[in-house]
Protein chains: 2
Amino acid sequence: MKKRPTIEMVAKRAGVSRQTVSNAANAPHLLKPETLRKVLGTIDELGYRPSHAARALRTRSTRVIGCRLLPSNYGGTGGVLDRLLHALCDAARSKGYDVLTFSVPTDDEEIAVFEDLLRRGAVDGFVLTNTHHGDVRPNWLLAEGARFVAFGRPWGVEHPSHSWVDVDGASGTRQAVEHLAGLGHTKVAFLGLPEGNGVGDDRYRGWHEAMSARGLLAKATVARAEDGIASGRAIAEQLLAQPNPPTAFVCVSDAMALGAIRAAEDRGLVPGRDVSVVGFDDSPVASVLRPRLTSVRQPVEAVAQKLIEVLLEELSGDRKKPSRQLLAPWLVARESSQVAPGAQERSQAVPGPALPSPARRKAAS
Amino acid sequence: MKKRPTIEMVAKRAGVSRQTVSNAANAPHLLKPETLRKVLGTIDELGYRPSHAARALRTRSTRVIGCRLLPSNYGGTGGVLDRLLHALCDAARSKGYDVLTFSVPTDDEEIAVFEDLLRRGAVDGFVLTNTHHGDVRPNWLLAEGARFVAFGRPWGVEHPSHSWVDVDGASGTRQAVEHLAGLGHTKVAFLGLPEGNGVGDDRYRGWHEAMSARGLLAKATVARAEDGIASGRAIAEQLLAQPNPPTAFVCVSDAMALGAIRAAEDRGLVPGRDVSVVGFDDSPVASVLRPRLTSVRQPVEAVAQKLIEVLLEELSGDRKKPSRQLLAPWLVARESSQVAPGAQERSQAVPGPALPSPARRKAAS
DNA sequence: AGAGGCGACTTGATCGTTCATATTCGTGAC
DNA sequence: GTCACGAATATGAACGATCAAGTCGCCTCT
């Protein structure tokens with residue numbers, strides 16, 4: 001391990017005092033242009049960087065953000081959170097922050113890690129992911145006076161007293177319905193989660209609104225189950241077995257969508273041609289499946305940027321009312337959604353089999 | 001932000017000196033049992049944790065490990081690295097370390113981040129992932145005197161002067177061949193990467209050795225291409241078009257395997273029944289595909305544990321000769337590999353369609 | 001001419017630990 | 001009786017930055 005240069009060494013070499021070197025980096029306007037140039041030159045020459053520890057000790061701010069690592073299960077939002085972490089690291093680093101990750105199985109253990117990191121003063125704040133109904137973490141953090149932003153709305157809380165950033169799920173399913181209606185579908189079913197799940201209800205609402213606006217609710221069917229391929233397959237199977245079954249499925253997740261595709265295959269239907277399916281999250285499997293899955297993609301990079309932005313405001317300490325940011329997702333059309341059987345194509349083009357770079361912003365609304 | 005208790009507050013409350021409190025945590029054997037009990041009680045009562053910054057400043061060790069976040073592309077080893085990160089965080093935390101992540105597009109930028117983190121003294125060492133031929137990072141780190149472990153062997157280097165942990169790819173492909181041979185396959189092709197890729201060559205070697213040992217090399221065919229579904233499909237297509245085509249494929253990655261499955265389908269063959277396919281890495285798609293993909297799974301948790309273990313030795317400073325650890329992967333059999341057409345099943349059972357918890361350690365060798 | 005103010009830089013104090021030395025106290029040896 | 005010694009605990013000095021007050025010219029104003 002090479003010895004790192006200290007501020008003192010830079011000061012001596014440049015013929016100025018410690019403080020002047022410090023100011024060169026933190027408050028350059030205080031220096032005479034000539035001095036500034038000289039000091040910056042020396043800093044560069046020695047490759048000096050202020051010691052993280054010393055600075056953190058003095059300023060009581062670490063410029064590190066803690067973030068839980070969530071299991072990349074491909075049923076749920078796994079793929080999304082993986083992309084989010086990348087974008088988060090990028091966004092953080094561009095603002096001079098670093099991201100510290102930890103992997104815990106439960107919310108309670110996450111709180112234990114929060115406590116550890118806060119007490120040791122190892123991080124300045126947190127990014128909370130996977131908020132859900134009855135989530136105890138926000139309250140714990142608020143009580144502790146910790147700074148944080150949530151990715152995900154505080155479901156079921158009347159007047160949330162913390163900042164959050166989220167993706168408008170209703171907009172996503174609305175786009176899905178518009179897309180399918182544009183392809184001539186009138187019997188569009190919804191595969192959702194059991195009621196009471198915030199994300200699930202949100203996405204259901206978008207489907208319901210759009211179906212209602214189009215006057216298609218009468219023909220609509222809904223089925224709910226826990227997230228997963230098997231459960232999606234089971235409930236899609238039920239809907240397809242009814243008389244006058246749906247020709248399209250809007251699904252709360254890609255896992256459900258995959259289940260719907262399997263259920264269609266089970267009945268000898270060709271997914272895409274006979275039954276259209278739209279998933280949610282555009283998880284990595286979506287573009288690998290056959291047929292490739294039309295899905296609603298979350299603007300993860302924008303979310304990450306907002307999260308960092310909001311968290312930094314939170315950290316700046318000007319305690320103002322919490323910030324709320326709702327970003328819109330967009331639909332990525334692929335082969336799993338095509339013109340309804342027996343319908344004239346009206347607006348939406350069916351994507352060809354080869355889509356080198358996936359079409360972005362192909363939103364219907 | 002609540003005010004954190006300091007060592008001084010604990011000392012005052014317990015009626016002892018700072019150093020005694022410090023010793024209670026770091027060198028308990030120096031205290032009289034009675035004092036120790038009293039001090040630990042006070043520490044617990046106040047919820048004291050030593051300040052990360054202060055301790056790092058004094059001891060020059062941060063107990064933080066840096067690790068690059070690699071894009072989870074589902075062609076390459078993406079899924080593996082995602083699992084690795086989880087396991088790494090777990091293993092690190094269990095040893096009192098934290099993991100700091102960053103996301104960079106190129107090796108050069110990774111070096112820039114290394115430099116930044118080292119100069120600021122923000123981390124004690126690194127875990128290097130995705131080592132490859134002509135990798136400049138190890139040499140840079142060695143020259144800088146930084147501590148690190150690589151996940152992946154230093155391909156193409158005669159006498160590597162740093163520690164590494166890796167998975168024995170040759171063992172994996174050997175297991176794949178044994179498995180397929182056990183199912184009665186004699187014409188087992190290999191879909192690999194262009195020569196010169198360390199990982200690719202390693203996995204090729206295992207296939208070659210096992211085929212040779214079984215006397216099957218005469219009938220064997222090999223095709224190579226860049227990793228990916230499309231390229232895998234293309235080269236598998238070529239092999240299937242030959243007279244007397246292979247009945248099984250051992251693939252260097254799951255992406256290649258998926259390509260082989262597609263190629264088989266293209267020719268009207270049923271993957272699994274007419275053509276068996278074995279992938280590598282057991283990426284998340286493997287168990288979602290239809291047929292579900294037999295694949296070689298890397299012992300990621302064990303790798304993570306070893307990485308941390310070796311890195312901590314490295315950090316302890318007793319400079320001894322670098323440590324090398326090669327761990328064995330195992331085969332997870334699924335529907336994509338089945339009894340060879342026209343062959344009697346000899347040893348290996350074909351897994352049923354439902355496999356709630358994937359069989360572990362189903363190694364052939 | 002002296003007070004006052006401002007720009008440009010310097011100096012001591014401080015953040016909360018641990019390291020390197022004290023100090024204190026009891027006990028056994030001579 | 002005191003001297004040496006070890007066990008247990010206490011005290012000053014770092015670590016390397018920033019903060020909060022300096023100091024020192026120099027210019028302006030009265």
Side-chain angles (χ1 to χ4, degrees), chain A residues 1-40 42-43 46-64 96 117-122 124 317, chain B residues 1-40 42-43 46-64 96 116 118-122 124 317:
Chain A
M1 219 174 330
K2 264 182 197 166
K3 203 157 162 38
R4 296 184 295 107
T6 74
I7 200 172
E8 197 87 47
M9 296 158 81
V10 177
K12 186 162 293 176
R13 195 159 220 281
V16 295
S17 70
R18 287 171 323 207
Q19 189 60 37
T20 301
V21 178
S22 177
N23 286 338
N26 302 330
H29 60 279
L30 292 177
L31 299 204
K32 201 158 61 178
E34 189 196 326
T35 322
L36 180 60
R37 212 169 339 107
K38 184 178 59 182
V39 174
L40 288 181
T42 314
I43 286 178
L46 297 185
Y48 165 77
R49 299 288 179 105
S51 150
H52 174 75
R55 169 181 278 203
L57 177 58
R58 185 67 245 237
T59 64
R60 301 162 165 288
S61 107
T62 61
R63 308 202 127 228
V64 173
L117 293 174
L118 285 173
R119 288 232 207 286
R120 282 174 28 216
D124 290 346
Chain B
M1 216 172 333
K2 264 182 197 166
K3 203 157 163 37
R4 295 183 295 106
T6 72
I7 200 172
E8 197 85 46
M9 296 157 80
V10 176
K12 186 161 293 175
R13 195 158 218 283
V16 295
S17 70
R18 287 173 323 212
Q19 189 59 40
T20 302
V21 178
S22 177
N23 285 338
N26 303 329
H29 60 278
L30 291 177
L31 299 206
K32 201 156 60 176
E34 189 195 327
T35 323
L36 179 60
R37 214 170 336 109
K38 184 178 57 180
V39 174
L40 289 181
T42 314
I43 286 178
L46 297 185
Y48 165 77
R49 299 287 180 107
S51 150
H52 174 75
R55 169 181 280 205
L57 178 57
R58 184 68 248 235
T59 63
R60 298 159 171 290
S61 108
T62 63
R63 309 204 126 225
V64 174
D116 176 54
L118 285 173
R119 287 232 208 286
R120 283 175 28 218
D124 290 347

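Letters go in sequence order (proteins before strands), and every chain restarts at 1. The basis for the numbers below is simple: all heavy atoms, side chains too, and nothing from hydrogens, waters or symmetry mates.
- Across all strands, Asn23(A) comes closer than 4.0 Å to no nucleic acid atom at all (heavy-atom distances).
- For Ala54(B) against Ser51(B), the heavy-atom pair with the smallest separation is N-OG, 3.0 Å.
- Judged by distance alone, with hydrogens and angles left aside, the side-chain atoms of Ser22(A) form no donor-acceptor pair with the main-chain N or O of Arg18(A) at under 3.5 Å.
- When the side-chain nitrogen and oxygen atoms of Thr35(A) are compared with OP1 and OP2 of dC9(C), one or more of them lie within a distance under 4.0 Å.
- When the side-chain nitrogen and oxygen atoms of Thr6(B) are compared with OP1 and OP2 of dG16(C), none of them lie within a distance under 4.0 Å.
- Panel note: side chain Arg119(B), backbone Gly47(A); a donor-acceptor pair is recorded below 3.5 Å.
- For the pair Gln19(B) CD and dA14(D) P, the interatomic distance rounds to 16 Å; values are reported in whole Å.
- Here dT18(C) presents its P atom at 14 Å from CZ of Arg49(B), a figure rounded to the nearest Å.
- No hydrogens or angles were tested; on distance alone, a donor-acceptor pair under 3.5 Å links the side chain of Arg58(A) to the base of dT14(C).
- The NZ-C1' distance, from Lys32(A) to dC26(D), rounds to 12 Å in whole Å.
- One atom, CZ of Arg60(A), and another, P of dC19(D), lie 12 Å apart when rounded to the nearest Å.
- His52(B) has its side chain out of reach of Thr62(A): every pair of non-hydrogen atoms, C-beta onward, lies at least 4.5 Å apart.
- Note on Tyr48(B): every side-chain N or O is 4.0 Å or more away from OP1 and OP2 of dG16(C).
- When the nucleotides dG16(C), dT11(D), dT18(C) are ranked by their closest atom to the side chain of Thr59(B), dT18(C) comes out on top.
- Residues Leu57(B) and Thr20(B) each lie close to DNA chain D; by heavy-atom proximity, the contact nearer the 5' end of the strand is made by Thr20(B).
- The distance between atom CG of Leu30(B) and atom C1' of dG6(D), rounded to the nearest whole Å, is 13 Å.
- Judged by distance alone with a 3.5 Å cut-off, a donor-acceptor contact links the side chain of Arg18(A) to the base of dG12(C).
- One can place NZ of Lys12(A) at 14 Å from P of dA17(D), the figure rounded to the nearest angstrom.
- Rounding to whole angstrom units, CG of residue Leu36(B) and P of dT9(D) are separated by 9 Å.
- The only option from Arg37(A), Lys12(A), Arg13(A) that meets the side chain to side chain contact (heavy atoms under 4.5 Å, CB included) definition with Thr42(A) turns out to be Arg13(A).
- Nucleotide dT10(C) holds its P atom 12 Å from the CD atom of Glu8(A), rounded to whole Å.
- Considering only side-chain N and O atoms, Ser22(A) lies under 4.0 angstrom from the phosphate OP1 or OP2 of dT18(D).
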